[in-house]
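Structure record follows, encoded as structure tokens.
Chain identifiers are assigned alphabetically (A, B, ...) following the order of the sequence lines, protein sequences preceding nucleic acid strands; residue numbering begins at 1 within each chain. What you see is a predicted model; the values in this text were computed from it and never measured.
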Number of protein chains: 2
Amino acid sequence: MNSKSIRQKEIAEKTGFSINTVSLALKGSPRISEETRSIIMECAKQLNYIPNVVARSLVQKKTNTIGIILTELMNPILTETAQEIEQILKKSGYNMMLMITNSSPEQEAEALDVLVSRQVDGILMYPVFTANFAKIKLLRDNKFPIILLAGGDYELPTDAVYVNRREGAYKAATHFIQAGHKRIGFLGGGNYSDKEKQNGYFAALQDNHIPFDPSLVGRVQSDGYDAGYASIEELYKNAMPTAVICTRDYIALGAMRWCRERGIRIPEELSFIGFDDTAAASFAEIPLTSVKYDVKAVTEKATELLFQRIDEKDKSVAMSIQKISIQPRLVIRQS
Amino acid sequence: MNSKSIRQKEIAEKTGFSINTVSLALKGSPRISEETRSIIMECAKQLNYIPNVVARSLVQKKTNTIGIILTELMNPILTETAQEIEQILKKSGYNMMLMITNSSPEQEAEALDVLVSRQVDGILMYPVFTANFAKIKLLRDNKFPIILLAGGDYELPTDAVYVNRREGAYKAATHFIQAGHKRIGFLGGGNYSDKEKQNGYFAALQDNHIPFDPSLVGRVQSDGYDAGYASIEELYKNAMPTAVICTRDYIALGAMRWCRERGIRIPEELSFIGFDDTAAASFAEIPLTSVKYDVKAVTEKATELLFQRIDEKDKSVAMSIQKISIQPRLVIRQS
DNA sequence: TTGTACGCGTTATCAC
DNA sequence: GTGATAACGCGTACAA
């Protein structure tokens with residue numbers, strides 16, 4: 001291999017065949033005789049020929065690239081989502097262009113533009129800012145394959161595969177209620193996904209005729225361990241809950257640490273349930289009960305649906321929007 | 001925007017200018033008059049023109065894409081590495097194609113081939129299997145920009161930016177020795193990076209004239225929490241260490257849990273040091289002393305070097321191989 | 001079975 | 001200032 005790369009043209013010149021024959025032979029077309037094929041293949045190997053996928057993409061109007069838009073990567077759920085998707089795509093001959101938005105609407109819009117401009121065959125995106133709904137709808141209207149990995153409740157006519165967070169919180173609250181708890185707290189942030197959880201929590205209270213006390217809802221500033229540690233105090237002192245639902249495992253773990261430092265016994269005096277069933281939940285000092293987010297189910301369904309959309313794109317079949325909801329499961333531990 | 005996308009050709013037809021003029025106007029060439037430029041821009045906006053980056057890449061021989069090859073994503077260090085790199089690349093106008101190898105040499109080789117085939121402008125890769133050294137060397141020999149994010153000690157003439165793990169383990173062991181420990185254990189796996197750490201551990205013992213007892217070195221089967229939990233027993237019972245260096249935070253945390261369950265006091269009876277300074281280390285019941293892996297330093301240096309190589313590629317300047325070593329830092333906590 | 005001609009969408013070169 | 005024309009590397013009709 002020389003410093004400049006080898007093209008089909010060179011192989012054609014070396015072997016004396018036309019570029020066309022080389023092209024066909026390299027991809028094993030039955031129209032080329034076994035003999036010429038082996039000559040060409042041999043020459044290609046010797047020169048270390050590497051096909052130029054860019055040129056192929058241009059003529060085939062297919063890049064075999066899927067764009068993934070995530071808000072961040074440090075959240076364990078998203079880490080796993082990215083990894084799973086990469087594995088699935090690879091098996092189907094696709095590769096993955098990863099875009100991180102830092103939860104910024106501008107970066108999200110930019111990511112969409114870049115991916116479309118790069119002619120990706122489809123997009124998977126996780127959570128969505130309402131600011132970019134118009135852009136997403138436009139893509140969808142043009143049959144551009146795009147699947148949302150959240151927000152099934154959004155008023156947006158787009159395919160979506162997501163975990164039903166509302167249902168998860170409902171299950172968590174019901175679990176507490178059945179254990180006899182009356183004063184159940186809720187600790188979360190102000191984002192859309194936490195609001196959904198809060199709605200599930202409200203619904204469970206209502207269905208079980210438990211009066212709601214606003215002081216039982218606490219707010220966290222971020223969704224990390226420190227935020228849980230810092231926020232539980234106010235909630236605990238103001239509302240005196242006997243159980244608390246936290247919108248993230250880390251929030252719960254931080255809150256639990258605060259309790260331990262003050263001798264508040266878990267779960268005797270105060271119980272906790274977190275979300276996502278991260279590794280940290282299972283190996284905490286007091287293993288944390290958590291609402292499991294089934295990443296594999298989401299990524300499998302989402303990619304399956306995406307591939308279907310890509311297939312349908314040229315075939316001009318009518319496609320009805322699909323909203324696939326994955327039911328979360330409560331992983332009960334000792335908290 | 002219709003279902004089929006708009007090209008420069010359509011704008012040319014609509015406005016009456018040539019395709020060439022359209023192309024120049026869209027990128028704000030000074031050679032086009034202000035008047036025609038605004039006409040073309042207006043038309044482009046109305047038709048919702050989106051440039052085709054694939055075509056541009058073909059003619060410019062530049063994709064503005066960087067390939068990243070990682071063994072996995074769930075390891076917190078790699079998660080952060082991926083996220084940081086994405087951010088840096090974006091700022092410089094690049095996007096990121098992410099490949100996960102699952103620590104399989106075959107997948108690693110495949111990833112390299114795919115990325116080269118896709119004409120990426122450069123590759124960043126983290127750890128490396130000796131099986132693919134020849135392939136990497138070949139790329140490097142052809143001036144293909146590729147930077148390794150590990151293995152500065154490898155006998156491979158390739159640019160690398162990495163954290164000096166040997167030095168980290170040396171510091172950890174020295175820390176224990178200065179605290180008066182004589183029987184210092186080592187718990188790690190058999191991979192290259194753990195071997196490096198083990199060498200640092202040996203060196204510190206030797207430099208401090210502490211005789212080495214082979215039973216003090218324990219092996220883990222994986223690098224998770226469970227592996228630490230499962231492996232510490234044998235090491236503890238066989239060698240009776242008073243301090244243990246674990247090659248990963250999670251291994252240490254698992255081992256610490258085993259100790260707690262048996263009433264072994266930390267750090268009075270047994271001390272621990274982990275690697276990577278993950279979040280879990282800081283909020284463990286007994287916060288874990290850890291060798292910090294400075295992800296930001298690595299990603300910044302690595303991308304900087306990569307951009308430099310990309311610049312140099314056409315300019316045919318002689319480039320000497322760079323091995324940039326980042327010094328790790330011991331984050332001392334209570335373990 | 002193989003070769004010719006053309007197109008993918010854009011940029012680059014050179015005229016005018 | 002603007003417009004032909006060629007080129008990037010490959011795939012696909014169609015012809016031979």
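Proximity of a side-chain donor or acceptor of A/S57 to a complementary backbone N or O of A/V53 within less than 3.5 Å is detected. In terms of modelled atom types and a separation under 3.5 Å, the side chain of A/K323 and the main chain of A/T158 share a donor-acceptor contact.
For the helix from C/dT1-D/dA16 to C/dC16-D/dG1, the rotation axes defined at the first and last 5 base pairs enclose an angle of 40°, given to the nearest 10°.
Contact check on B/K301 versus B/E304 returns no salt bridge, with no Lys/Arg side-chain nitrogen under 4.0 Å from an Asp/Glu carboxylate oxygen. Here B/R37 pairs with B/E34 in a salt bridge; the nearest charged N to carboxylate O distance falls below 4.0 Å.
In this structure, B/T36 reaches the sugar-phosphate backbone alone: every heavy-atom distance under 4.0 Å involves primed, P, OP1 or OP2 atoms, never a base. Among the atoms of the strands shown, only primed sugar atoms or phosphate atoms (P, OP1, OP2) are found under 4.0 Å from some heavy atom of A/K61. Nucleic acid contact for A/S18: base, since at least one base atom lies under 4.0 Å from a heavy atom of the residue.
Nucleotide D/dG9 holds its P atom 23 Å from the NZ atom of A/K62, rounded to whole Å. Distance CD (B/E10) to C1' (C/dG9): 11 Å, rounded to an integer number of Å. Here the C1' atom of nucleotide D/dC8 and the CZ atom of A/R7 are 10 Å apart, to the nearest Å. Between the P atom of C/dA12 and the CG atom of B/L24 lies a distance of 9 Å, rounded to the nearest Å. Atom OH of A/Y49 and atom P of D/dG9 are 10 Å apart (whole Å). Following rounding to the nearest Å, A/I11 (CD1) and C/dT2 (P) show an atom-to-atom distance of 16 Å. The nearest whole Å value for the distance from the CD atom in B/Q8 to the C1' atom in D/dT5 is 16 Å. For the pair B/L58 CG and D/dG11 P, the interatomic distance rounds to 12 Å; values are reported in whole Å.
In this structure, the nucleotide among C/dT10, D/dT2, C/dC8 sitting nearest to the side chain of B/A55 is C/dT10. Here D/dT2 is the nucleotide among D/dT2, D/dC10, D/dA7 with the atom lying nearest to any side-chain atom of B/T21. Comparing C/dA12, D/dG9, C/dT2 by their nearest atom to the side chain of B/K27 picks out C/dA12.
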Decide yes or no on salt bridge (Lys or Arg N to Asp or Glu O under 4.0 Å) for B/E312 and B/R309, but give the supporting numbers first. CA-CA 5 Å; B/E312 291 170 352; B/R309 292 307 182 217; 3.0 Å; yes
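Counting heavy atoms of neighbouring residues, nucleotides and ligands inside a 6.0 Å radius, atom NZ of B/K14 does not exceed 12 of them.
Looking only at side-chain heavy atoms (C-beta outward), B/I66 and B/I310 come within less than 4.5 Å of each other.
Shortest non-hydrogen contact noted between B/Y49 and B/I6 is CD1-O, 3.5 Å.
A/S23 has no side-chain polar atom (N or O) that falls below the 4.0 Å cut-off from OP1 or OP2 of D/dG9. The phosphate of C/dT2 (OP1 or OP2) has a side-chain N or O of A/S33 nearer than 4.0 angstrom.
Remark: the A/S33 side chain and the A/E35 side chain contain no N/O donor-acceptor pair separated by less than 3.5 Å.
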Grab the N/O contacts between the protein and nucleotides 14-16 of chain C below 3.5 Å, and write none if there aren't any.
unit_1	atom_1	unit_2	atom_2	d
C/dC14	N4	B/R31	NH2	3.3

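Taking for each of A/P30 and A/I19 the nucleotide of DNA chain C with the nearest heavy atom, the 5'-most of the two is the partner of A/P30.
Applying the salt bridge (Lys or Arg N to Asp or Glu O under 4.0 Å) criterion to A/D121, with sequence neighbours excluded, gives A/K62.
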